*Asks:* 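Could you have a look at this structure, given as structure tokens, before my questions?
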There are 2 protein chains.
Amino acid sequence: MASMPAEKPETRPYHHGDLRSALLAAAERTLRDKGTAASLSLRELARDIGVSHAAPGRHFKDKQALLNALALVGYDRMAEVLEAADDPGLPLQDRLTTLARAYLGFAIDNAELLELMYARKHEPDAAEQIGVAIDRTVGALERAIAAAQQRGEIVDGDPEHLTLVVGTALHGLASFAITGKFTTEAAMGAVPELVHHLLYGLKPR
Amino acid sequence: MASMPAEKPETRPYHHGDLRSALLAAAERTLRDKGTAASLSLRELARDIGVSHAAPGRHFKDKQALLNALALVGYDRMAEVLEAADDPGLPLQDRLTTLARAYLGFAIDNAELLELMYARKHEPDAAEQIGVAIDRTVGALERAIAAAQQRGEIVDGDPEHLTLVVGTALHGLASFAITGKFTTEAAMGAVPELVHHLLYGLKPR
DNA sequence: ACCTGAACACCGTTCAAGT
DNA sequence: ACCTGAACACCGTTCAAGT
């Protein structure tokens, strides 16, 4: 028995419960409401939960530490969404399109969280944790591509490099969608064509 | 004479000069030093420049307004860099690689600014200004692709859609580089292969 | 171990008043 | 028109003290 996934009971009295996850949950809710991490105050969080304003300091050394933890939550949830959406039985193009839609949908529904997730952090330990979280996220994509490659449906080459092509494009599209460059529908609608172009290239065949 | 581009003298006494651009310049410097917009204080900016802490309020209604203006500066500068880097005489693949390198280089050198540029803003007027700025940025890419298309070197289809393929991939790669998923060298090194895959596709020919 | 209360050194924003 | 000074209502963070 290596390590069990952390349990997250849906309801819980925080009067004496575990403040850490209460803070994370409240922070996510507030972030979604206010729309920006700048207008997120530890003191307000503490007030909402009903603890003293100094209490958060026991669980997060910093406001940034809370934000980092929240970003990690986001990565975990995104990985779950992608893993759930992946269907190895599908033909390559459909499989990629499905994954792309799942990623884009998550990104649009969690725009505020995404902003945290994609923020630069220099603190080495947080960066490392986020690194493995990203790898897990990209994992589903990489498996789809490696499988297709073994079937000869994809060009030879390092699967990691090939995954990068699709990964960067999806990431960029999500970013454009979030920034408001596209509507949700336009972004979602662009997915099939994007996947097609990635597979068949911009040069005439 | 429609509208002249704003003049920006390099040196200037701010005691009585134009505070607005002094604030923007100081903000960019501080942003670069501190690394994050959260640790950027209007009061500190005012102190550095030598005006009262209420003075910035005359020029930016909000801290967010300053940040928005700074993002716009970033877009303008990025568009300049891309337009300067574009060489219409180059063969398609080289031309795209050059543009990609220029974009990536700018992104890495101006990571803090990029974070501002790619932040979601709901304020309608700022969003609109940023929209046109993005279009200008993507313009160089779009011209390269449209030209190649007319030469028959690129697949038929809406040039805007085709540009999106390259644009999203570059944007995503820059984002990965900034987040620290790649070193600068790794990201730059990945460019030629990425462009190649975009042109020739992931499916075997 | 976990939380509180008070304290410190800051903030952003507003607004009358000055030049 | 542009800036100042004072004031208001907040912050994040620390630290002794409580339970």
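Lettering of chains follows the sequences in order, A, B, ..., and the numbering in each one begins at 1. Values in this document were obtained by computation on a predicted structure and should not be read as measured data.
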*Asks:* Requiring both pairing distances under 3.5 angstrom, list the stems that contain DNA chain C and are made of three or more consecutive Watson-Crick or G-U pairs.
*Replies:*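 Looking at DNA chain C, the stems formed by three or more consecutive pairs are C:4-8 with D:12-16, C:12-16 with D:4-8.
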*Asks:* If we only count heavy atoms from C-beta on, is the B:L202 to B:H197 side-chain gap below 4.5 Å?
*Replies:*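 A side-chain contact exists here, since the closest heavy-atom pair is under 4.5 Å.
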*Asks:* When every nucleotide of nucleotides 8-19 of chain C is labelled 5' to 3' by its protein contacts under 4.0 Å (heavy atoms), B for base, S for sugar-phosphate only, - for none, what sequence of letters results?
*Replies:* ---SBBBB----
*Asks:* Hey, are B:K34 and B:E44 close enough for a salt bridge, meaning a charged N less than 4.0 Å from a carboxylate O?
*Replies:*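 A salt bridge links B:K34 with B:E44.
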*Asks:* Figure out the CZ/C1' separation between B:R20 and D:dA1, and round it to whole Å.
*Replies:*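 For the pair B:R20 CZ and D:dA1 C1', the rounded distance is 16 Å.
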*Asks:* Measure the shortest side-chain to side-chain distance between A:E83 and A:R136 over non-hydrogen atoms and say whether it is less than 4.5 angstrom.
*Replies:*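 Of all side-chain heavy-atom pairs linking A:R136 with A:E83, at least one is under 4.5 Å.
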*Asks:* Distance alone, cut at 3.5 Å: any donor-acceptor contact between the side chains of A:T97 and A:D94?
*Replies:*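 The criterion, which ignores hydrogens and geometry beyond distance, is not satisfied for A:D94 and A:T97.
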*Asks:* Shortest non-hydrogen contact from A:A133 to A:Y75?
*Replies:*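 Residues A:A133 and A:Y75, closest heavy atoms: CB-CB, 3.5 Å.
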*Asks:* Heavy atoms, side chains only, cut-off 4.5 Å: are A:E115 and B:Y118 in contact?
*Replies:*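 They are not in contact (no side-chain heavy atoms under 4.5 Å apart), so the answer is no.
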*Asks:* I'd like to know if B:R95 pairs up with B:D87 as an ion pair, taking the criterion as any Lys NZ or Arg NE/NH1/NH2 lying under 4.0 Å from an Asp or Glu carboxylate oxygen.
*Replies:*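 The answer is no: the pair does not qualify as a salt bridge.
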*Asks:* The criterion is ring pair (Phe, Tyr, Trp, His ring centres under 6.0 Å); which residues satisfy it with A:H196, sequence neighbours excluded?
*Replies:*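 Residues passing ring pair (Phe, Tyr, Trp, His ring centres under 6.0 Å) with A:H196: A:Y200.
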